[in-house]
S.K.: 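Dropping a structure here in C-alpha cells format, bear with me for questions.
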2 protein chains.
Amino acid sequence: MKSLNDIGILGLSNRLKRLSEIIHRQTDEVYKTENINFQARNVPLMQLLNENESMSVTQLAEMLGQTHPAISQMSKKLQQADLLYHQIDGGDERRRMLSITPVGFELMDQLAPVLKDLQIVLGRLLALAGGNIMDNVELLERQLEQKPLVERMSELRRERMINSVEIIHFEKEHSKPFYQLNRAWLEKYFYVEDIDHLVLSEPFERIIEPGGFILMARIMDKIVGTAALIAAKDGQLELSKMAVDPDYQGLGIGEKLVIAAIQQYQAADFKGLFLESNRRLTPAISLYDKVGFKEQKSPYGKSPYSRADIFMVFQEA
Amino acid sequence: MKSLNDIGILGLSNRLKRLSEIIHRQTDEVYKTENINFQARNVPLMQLLNENESMSVTQLAEMLGQTHPAISQMSKKLQQADLLYHQIDGGDERRRMLSITPVGFELMDQLAPVLKDLQIVLGRLLALAGGNIMDNVELLERQLEQKPLVERMSELRRERMINSVEIIHFEKEHSKPFYQLNRAWLEKYFYVEDIDHLVLSEPFERIIEPGGFILMARIMDKIVGTAALIAAKDGQLELSKMAVDPDYQGLGIGEKLVIAAIQQYQAADFKGLFLESNRRLTPAISLYDKVGFKEQKSPYGKSPYSRADIFMVFQEA
DNA sequence: CGCGACAATGTAATTACTTACGTAAATAAA
DNA sequence: TTTATTTACGTAAGTAATTACATTGTCGCG
C-alpha cells in the first residue's frame, strides 16, 4: 500500500475511515474469541449508560458525536436484544430515557475485564505511535468545527493576495485604471466635480509634470488601487486620489498605498504633507490617523473640492 | 461532546470515522465553492492515475488500501461522468486498465491549485495538532495488520499470567494436585512405575520428612506446577517431580520452579544438587542446562527409575 | 494439452451510517 | 390563550463502503 505521505494529506480522510474499520473489525474479533456476542461500535453507548443510569437519545447523540438517528437505530437494536429498555420521561413526554436491562448489565460485567485489557493493549499501541493520536483527533475535530476548511481556504487566499500586493510608480498604461478606480470611488461616495475630471483624465500632465507622484497598487498584473501626491504651494505635498477596487478592499491595500506615499514624500525634498478628506469616511480617517496624519485647521481656507471637510497634516513620528 | 479521553480508547474508532466524515464533508464544500463538481473521496484515485497514466482496478485498490469492489464501483461512476475510461490490457485480458479522459485531465487541472491550497491549509492544521497524525495513523495501521488485537490480547493475558505465577512451599492441601500433575506427566511421556506411585501418594512422608522440599507453582489459587528436592545419600539433593499443567505450559513456569529449587538448595545445607532425566525431553534438558545443570556420569550407577538415561549435576556459576 | 488452482474483475446483498422529512410535545411570543 | 418556533424523536431513503459470490482469464504441472 502506498504511504500516506505519498498520497498526500488528501488521502488522510480515506485512511482515517479505514483505520476506524480495522479497529472495529479487530475488536469485534476479540469479543468473539471471548464468546461475547457484542459489537464494538455499541460499546461507547453502553459505557455511557453504565455510568449514567439513564439518558435520552439526543443526549447520547451529542456526547458520542453522532446523529440522533444513529443512536435511535442503535438503541432499537439493543432493545430488541434485551440489552436496553426505555421509559418516557415524566417531565418531558418527548424524551425516551434509555437504560440498561439486567441482561445488559450482565453483559457489561462480562465485558468489563475484556474492555480493560483492550484499553491496555490499545494504550500501548498508541504510546508506541507517539502517544497523542487521541489529542490530535480531538484537536482536529474542534478546529474544523470552529473554522471550517472553506473559511481556512479563503483566509489562505487572502493572505496570499496581501503578500502579492505591489506598489509601483505610475506608467502611461495605468491611465485608464487610474481614471476608472477614482471615478468609481467618487461616484460611490460623492459625485464627480469638474476639477476631478480634469485631473483624472490627464494624470501625467496634471500631477507628475508639476512635480508630484502617482502610486499604483498591483496584484498579479491587475491594478487594484491608486494614490497621488500632488505638489501644492510652499513646497507642500497633498495626498489625494486614494482609491481601492471594492473587490480588493479589506486586504490592507489602502494602508500599503499610504505608507508608500509617506516614504515617497520623505525621500523627496518637500516641506510638508497634508490631505483633505471627509469625516463621513471613518475607515479612511482612522487609517490616516494610524499612520501619522493629525487633524488641523486648514491654512488654505476653503478647499477647491466641495466634499472636503477635514484637513490633516502628516507629523513625523 | 464528551472528550475522547473520557470515553476511552474504545471510542477512538467511532471518532476516527467521524473525523474522516468531517474532512470529507468540508473538502467537498471547498470544491463546491470553487464550482468544481467533484467529490473528495475520489481525489486520491484520480491523483494516482494522474501520476501513473493507467492502472488496473486491483493495483489501485492495493495502493489506496481499499477493497477492489470499492474501486470498481467508484471507477464505474467516474466513467459515467466521462472522467475515466478503460481498456482491456493486451497481455492479460482480465485486467481493465483505467485512465483519465481529456475531460478528466481538464478537471484535474482545475483542481490542482485548490488541492495545493488544501494541502497547505490541512498541513498547517496538522502541524498545530502536533504534526504526526499521519505517521500515527500509518503506524497504527501497520501494527494492527502485523499483529491483530486478538493476538495482542492473548499476549497481554500471557504476560499477566507469567507475572502472577507464585512459587510456594508444599502444604497438606496440595497433596492432590501434586499427585495429579505428576501422574499426568508420567502418563503422557512414560508410564507410572511402582516407586512413582509410592512417592506421589505420600509426598510429605516420602519427601519432606526425610529432609527434602516440595515447591508448588500457583496462578490465582490454582496449582499449575510442582518440583521436588529429595534428600539423597552423602548430603546430596535430587531435583525431581518436575511437572507443569499442559494448559499453562510455555509461560516459563518450569524455569521459575527450577530456579526456586536451586535457591532452596543454596539456602539449605547440602553438598550437591543433581537430577535424572531422559534425553527425549529436549526442552527440559535444555532448560536444566540453561540454569546450570551439566551432564555427568552417574556416580550411583543405574537409577531406580527405568526412564532415566541422563544424569546432570548443578554447577555453581 | 487438459485441468486444477489462483487472479482480476463485476454484481448482489448487507451494513452502518448519513440527510431529509414528519410528528408531537414543549417553550416563547403575541 | 392562541400561535409560532424550537426540540426530541422516529422513519424513510440514500450512500459509500463492506463481505460473499459468480465469471472469466492465466498459469503451472503432470
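Note: hydrogens, waters and symmetry copies are ignored here, and every other heavy atom, side chains too, is used. Here the structure is a predicted model, which is why all the values come from computation and not from measurement. Below, chains carry the letters A, B, ... as their sequence lines are ordered, and counting in each starts from 1.
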S.K.: Please tell me if the side chains of A/Glu141 and B/Ile22 come closer than 4.5 Å, counting only heavy atoms from C-beta onward.
M.R.: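 With C-beta onward as the side chain, the pair touches.
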
S.K.: Report yes if the side chains of B/Val57 and B/His86 come closer than 4.5 Å at any heavy-atom pair, otherwise no.
M.R.: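 Answer no - side chains too far apart.
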
S.K.: Between residues 84-99 of chain A and DNA chain C, which residues have a heavy-atom gap below 4.0 Å?
M.R.: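 Under 4.0 Å from DNA chain C: A/Gly91, A/Asp92, A/Glu93, A/Arg94.
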
S.K.: Does B/Thr58 have a side-chain nitrogen or oxygen under 4.0 Å from the phosphate oxygens OP1 or OP2 of C/dT9?
M.R.: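 The answer is yes; a side-chain N or O of B/Thr58 sits under 4.0 Å from OP1 or OP2.
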
S.K.: Please confirm whether the shortest side-chain N or O distance from A/Ser56 to OP1 or OP2 of D/dC9 is below 4.0 Å.
M.R.: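 Answer yes for this pair, as a side-chain N or O of A/Ser56 is under 4.0 Å from OP1 or OP2.
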
S.K.: Specify the separation, in whole Å, of atom NZ of B/Lys17 and atom P of D/dT15.
M.R.: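 Interatomic distance, NZ of B/Lys17 to P of D/dT15: 16 Å.
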
S.K.: Which whole-number value in Å describes the distance from A/His24 NE2 to C/dT15 C1'?
M.R.: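 So the NE2-C1' distance, A/His24 to C/dT15, works out to 12 Å.
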
S.K.: If you only use heavy atoms from C-beta on, which nucleotide in D/dT11, C/dC17, D/dA17 is closest to the side chain of A/Glu21?
M.R.: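 In terms of side-chain proximity for A/Glu21, the closest of D/dT11, C/dC17, D/dA17 is D/dA17.
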
S.K.: Measure the distance from CG on A/Asp28 to C1' on D/dT18 and round it to the nearest whole Å.
M.R.: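 Checked: the CG to C1' distance equals 13 Å.
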
S.K.: Can you find a pair of side-chain heavy atoms, one from A/Met63 and one from A/Met55, that are under 4.5 Å apart?
M.R.: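 They are in contact (side-chain heavy atoms under 4.5 Å apart), so the answer is yes.
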
S.K.: Please report the distance, rounded to the nearest Å, between CG in B/Leu60 and C1' in C/dA8.
M.R.: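 Taking atom C1' of C/dA8 as the reference, CG of B/Leu60 is at 13 Å.
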
S.K.: How about A/Gln143 and A/Arg152: does a side-chain donor come under 3.5 Å of a side-chain acceptor?
M.R.: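 Result is yes, a qualifying pair exists.
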
S.K.: Taking CZ from A/Arg18 and P from D/dA17, how many angstroms apart are they, rounded to a whole number?
M.R.: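 Atom-to-atom, A/Arg18 to D/dA17, this comes out as 13 Å.
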
S.K.: D/dA16, D/dT18, D/dG10: which one has an atom nearest the side-chain heavy atoms of B/Pro69?
M.R.: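 Nearest to the side chain of B/Pro69 among the choices is D/dT18.
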
S.K.: Within this structure, what is the CD-to-P distance between B/Glu29 and C/dT19, rounded to whole angstrom?
M.R.: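 Distance, rounded to whole Å: 12 Å.
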
S.K.: State whether B/Glu138 and A/Arg18 are salt-bridged, where the test is any N-O pair (Lys NZ or Arg NE/NH1/NH2 against Asp/Glu carboxylate O) under 4.0 Å.
M.R.: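 Salt bridge flag = no for A/Arg18 with B/Glu138.
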
S.K.: Can you tell me how far apart OG (B/Ser20) and CZ (B/Arg25) are? Round to the nearest 0.5 Å.
M.R.: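 CZ of B/Arg25 is found 9.5 Å from OG of B/Ser20.
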
S.K.: Checking A/Gln26 side chain against B/Leu149 main chain: does a donor-acceptor pair fall under 3.5 Å?
M.R.: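 At least one qualifying donor-acceptor pair exists.
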
S.K.: Residues of residues 71-81 of chain B with any non-hydrogen atom less than 4.0 angstrom from an atom of DNA chain D: list those, numerically ordered, please.
M.R.: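 Those residues whose heavy atoms fall under 4.0 Å from DNA chain D, taken from residues 71-81 of chain B in numerical order, are B/Gln73, B/Lys77.
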
S.K.: Report the distance from atom NE2 of B/His68 to atom C1' of D/dC21, rounded to the nearest whole Å.
M.R.: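 B/His68 atom NE2 is separated from D/dC21 atom C1' by 10 Å.
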
S.K.: Within residues 30-38 of chain A, find the residues that approach DNA chain D with a heavy atom at under 4.0 Å, and present them sorted by residue number.
M.R.: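 Correct list: empty, so none.
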
S.K.: What is the separation between atom CD1 on B/Ile22 and atom P on C/dC17, rounded to the nearest whole Å?
M.R.: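 Taking atom P of C/dC17 as the reference, CD1 of B/Ile22 is at 15 Å.
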
S.K.: For A/Glu53, does the CD atom have more than 12 heavy-atom neighbours from other residues, nucleotides or ligands under 6.0 Å away?
M.R.: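 Count not over threshold, so no.
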
S.K.: Looking at A/Asp117 and B/Arg160, is any side-chain nitrogen of the basic one under 4.0 Å from a carboxylate oxygen of the acidic one?
M.R.: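 Between A/Asp117 and B/Arg160 there is a salt bridge, with a charged N closer than 4.0 Å to a carboxylate O.
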
S.K.: So, OP1 or OP2 of C/dC17: does either fall under 4.0 Å of a side-chain N or O from A/Arg41?
M.R.: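 For C/dC17, OP1 or OP2 has a side-chain N or O of A/Arg41 closer than 4.0 Å.
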
S.K.: NA contact type, B/Gln39, heavy-atom cut-off 4.0 Å: base, sugar-phosphate, or nothing?
M.R.: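 Since only primed, P, OP1 and OP2 atoms lie under 4.0 Å of B/Gln39, the category is sugar-phosphate.
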
S.K.: Taking the side chain as C-beta and beyond, is there a heavy-atom pair between A/His24 and B/Asn14 under 4.5 Å?
M.R.: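 A/His24 reaches B/Asn14 side chain to side chain.
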
S.K.: Carefully, step by step, assess A/Glu21 and B/Lys17 under the rule salt bridge (Lys or Arg N to Asp or Glu O under 4.0 Å).
M.R.: CA-CA 8 Å; A/Glu21 262 154 21; B/Lys17 194 167 178 193; 5.2 Å; no

S.K.: B/Arg158 side chain to B/Gly250 main-chain N or O, any donor-acceptor pair under 3.5 Å?
M.R.: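 Yes; at least one donor-acceptor contact below 3.5 Å.
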
S.K.: Relative to the 5' end of DNA chain D, which residue comes earlier, A/Gln59 or B/Thr67, by the nucleotide with the nearest heavy atom?
M.R.: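 Counting from the 5' end, the first nearest nucleotide belongs to A/Gln59.
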
